[in-house]
Amino acid sequence: MTEHEQLGAPAGPEGRPTRPERVPPQSPPPQSPAPTSPAPASPGPGGTAAPWHDAMLSLLRTPTADRQPAPEGAGADPPAGVEPVEVLDLALLVGELLLASGEAAEDVEAAMLAVARAYRIHPCDPQVTFTRVAISYQPGPSEPSLTAECSVRRPAVDYARLALVFRLVTEMTVGGLAVPEAHARLVAARRHGRRYSGRLLGLSFGGMAGAATLLIGGRADARAWLVFASAVVAALAGERLSALVARHDFPAFYQFVVAAVPAAVIGILLSFNGLHLRGSVVITGGLYALLPGWPMVAAAQDGLAGFYLTAAARLLEALYLMAGVVIGVMTVLYVGVNNGAHLAAQDGPSGTVNPPLQLAAAVLLTLAFAVLLNTEPATLPAVMLNSAAGWTTYGVLVNAGGEPILATGLAAGLVGLSGQLMARCRGSSALPHITAALGPLLPGSVLYFGLLAFVCGEPEVGLSGVGRAGAMAMALAIGVNLGRELARLFLPAPRVAAPRRRRGGRHRR
């Protein structure tokens, strides 16, 4: 989960696309007016056309010189009235919106390439890094290339906008949108607002923290509910403090330092009373949305896909944000531990203490996570079902004596595969069906207990905990990536109906 969104950062991209340099066109022969819509993709049975995602991923992994010059069944030249500069701007805007909404680098390149080929602008070479998207077009052997690029600063995850742009790309590839109309709808998608109120987002932030305490502790007595309430209060206080810091345009690092303090303070205070409350669980729950579990997974995924620069940038961002959490928490914990506070440094998350309660907590955590990611309401039931399947798989494997890291990887593979299947049935991106469903499996709590061990003077335990957190993040990334590749190989995507046409080849609007 991208932490900028949690801490009140702007929800939209701030990059400004730079217009590519226009090449003077050669004098074409006179032509009759023609629509500026893309040529339809090759029709399948029943007047349908195959989706673009799998085909573009295969094309991206093919050397540029070996790629086919145009979609099958279409001519090699762009349709009359379509300017290459306009198509490059369109592809650039698609890439900017997808990257800012949280899509993986390889899928962003696939979407940009699909848009360019839909309007028969070939050869094109999209390039995506952590905060930059670019696309270049070579009109001919002796002509200068056209290049468009823009920066995407402060990307914030928005899965509703991601799904909207994904559907627009599908419409373009089946020949349903003219260039001006597509551009206008993408600009409207840029201004797409959040589907949930600020109050609901705050409740989701607190609910995610409370659910994490039940997931880790596995208890349902009166003390557990007091721990639940304490974690909710800590998370809400941290979110409010970080929002105040964000109003003064402080970097995200300082926002995380401030956001981590309330959870540590409440955890220390609870450890001083005679109720024998688990202050470490309160701290873990209050920090669950802050610890960079998902950014570590996303970095590993980009690395597996071959985007090493983007993977390194994501990992470096996660390390800086984690450093902010560490400074905020460890400053308080150091004072508390040296004044008699007792925090269990070796209590890790348990998957088999109370399976029914922990399954309910996992689903609740997933629902809160999905709302924070601005997932479309119609997608929420599928996400919760996917989460329940993943957590149940993990619990069964651990209960049978399996290694937690291996169990995490296998559960992530199931979540990735089922998320791909759900996305193909709905004709949307798979990320909204997968990210929140992995929330209960993220290694945030393992990372916290490793850091706590350092404060308690147990460096060997701390190194072991941090290493296990990294191994779990890698297992999650490998499982999700393997699930996607298996879906691409063995799950045929449903065909998408091409839009009807009026006489003369003009599209219905």
Side-chain angles (χ1 to χ4, degrees), residues 1-2 5 13 50-58 60 91 93-115 118 126 128 133 152 155-174 182 185-186 189-190 192 194-195 294 297-298 301-302 305 307 310 366 369-387 412 415-439 477 480-481 483-488 491-496:
M1 179 177 184
T2 302
E5 180 184 13
W52 54 270
H53 188 258
D54 289 349
M56 292 303 107
L57 283 180
S58 299
L60 279 175
L93 183 55
V94 166
E96 177 189 355
L97 292 176
L98 288 178
L99 186 62
S101 300
E103 188 62 275
E106 187 176 34
D107 294 324
V108 174
E109 286 195 358
M112 296 173 68
L113 187 61
V115 172
V128 175
V133 292
V152 183
V157 175
D158 186 342
Y159 282 170
R161 183 173 60 190
L162 173 65
L164 177 60
V165 176
F166 194 96
R167 289 191 291 266
L168 285 176
V169 173
T170 301
E171 288 189 49
M172 295 179 211
T173 57
V174 298
R185 292 176 63 179
L186 286 172
R190 186 204 293 269
H192 185 270
R194 302 195 64 85
R195 292 178 176 266
W294 175 250
V297 177
Q301 274 192 284
D302 281 330
F307 290 79
T310 302
T366 297
F369 197 178
V371 171
L372 289 174
L373 294 173
N374 198 33
T375 305
E376 292 179 317
T379 310
L380 295 179
V383 176
M384 291 188 289
L385 178 63
N386 201 14
S387 172
V415 169
L417 187 60
S418 58
Q420 290 286 339
L421 179 59
M422 293 173 182
R424 288 162 186 266
C425 292
R426 294 176 57 89
S428 64
S429 171
L431 212 53
H433 298 82
I434 295 175
T435 304
L438 290 177
V480 172
N481 186 269
R484 183 179 75 161
E485 296 302 322
L486 291 176
R488 189 175 63 88
L491 294 180
R495 295 184 176 273
V496 180

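We count residues from 1, following the sequence as given.
- R488 places a side-chain heavy atom less than 4.5 Å from the side chain of R424.
- Here the CG atom belonging to L98 is positioned 11.5 Å from the CG atom belonging to D158, to the nearest 0.5 angstrom.
- When every heavy atom of T366 is checked against every heavy atom of S387, the shortest pair comes out as OG1-OG, 2.6 Å.
- In this structure, the side chains of V480 and V297 stay at 4.5 Å or more apart for every pair of heavy atoms.
- With rounding to the nearest 0.5 Å, the separation of OG in S429 from CD in Q420 is 8.0 Å.
- Taking all atoms of both residues into account, the shortest heavy-atom contact from V169 to A111 is CG1-O, 4.3 Å.
- Not counting sequence neighbours, the partners of F166 by the ring pair (Phe, Tyr, Trp, His ring centres under 6.0 Å) test are W52.
- In this structure the side chain of V128 reaches within 4.5 angstrom of the side chain of M112, judged on heavy atoms.
- In this structure, N386 contributes its side chain and V415 its backbone to a donor-acceptor pair below 3.5 Å.
- Distance alone, capped at 3.5 Å, places no donor-acceptor pair between the E103 side chain and the L162 backbone.
- With no hydrogens or angles considered, a side-chain donor-acceptor pair links Y159 and T435 at under 3.5 Å.
- When every heavy atom of A118 is checked against every heavy atom of T173, the shortest pair comes out as CB-CA, 3.9 Å.
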- Message: I'd like to know whether R167 forms a salt bridge (charged side-chain N to carboxylate O under 4.0 Å, His left out) with E376, so could you lay out the CA-CA distance, the side-chain angles of the two residues, the decisive distance to 0.1 Å, and finally the verdict.
- Response: CA-CA 13 Å; R167 289 191 291 266; E376 292 179 317; 2.9 Å; yes

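- Atom CG of L431 and atom CZ of R484 lie 10.0 Å apart (nearest 0.5 Å).
- Closest of all the heavy-atom pairs between P432 and V383 is O-CG2, 3.3 Å.
- Counting heavy atoms from C-beta outward, E96 and R190 have side chains that approach closer than 4.5 Å.
- Heavy-atom minimum distance, H433 versus A382: CD2-CB, 4.2 Å.
- The structure places CG of L417 at 10.0 Å from CE of M422, a figure rounded to the nearest 0.5 Å.
- Note: R185 CZ to L168 CG = 4.5 Å, rounded to the nearest 0.5 Å.
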- Mind running side chain to side chain contact (heavy atoms under 4.5 Å, CB included) on M172 and V94 for me, showing each step along the way? CA-CA 11 Å; M172 295 179 211; V94 166; 4.2 Å; yes

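- Take A104 and apply the side-chain contact (heavy atoms from CB on, under 4.5 Å) test, not counting sequence neighbours, and it matches D107, D302.
- Summarising the geometry of S101 relative to R161, their closest heavy-atom pair is OG-NE, 2.9 Å, with the distance given to 0.1 Å.
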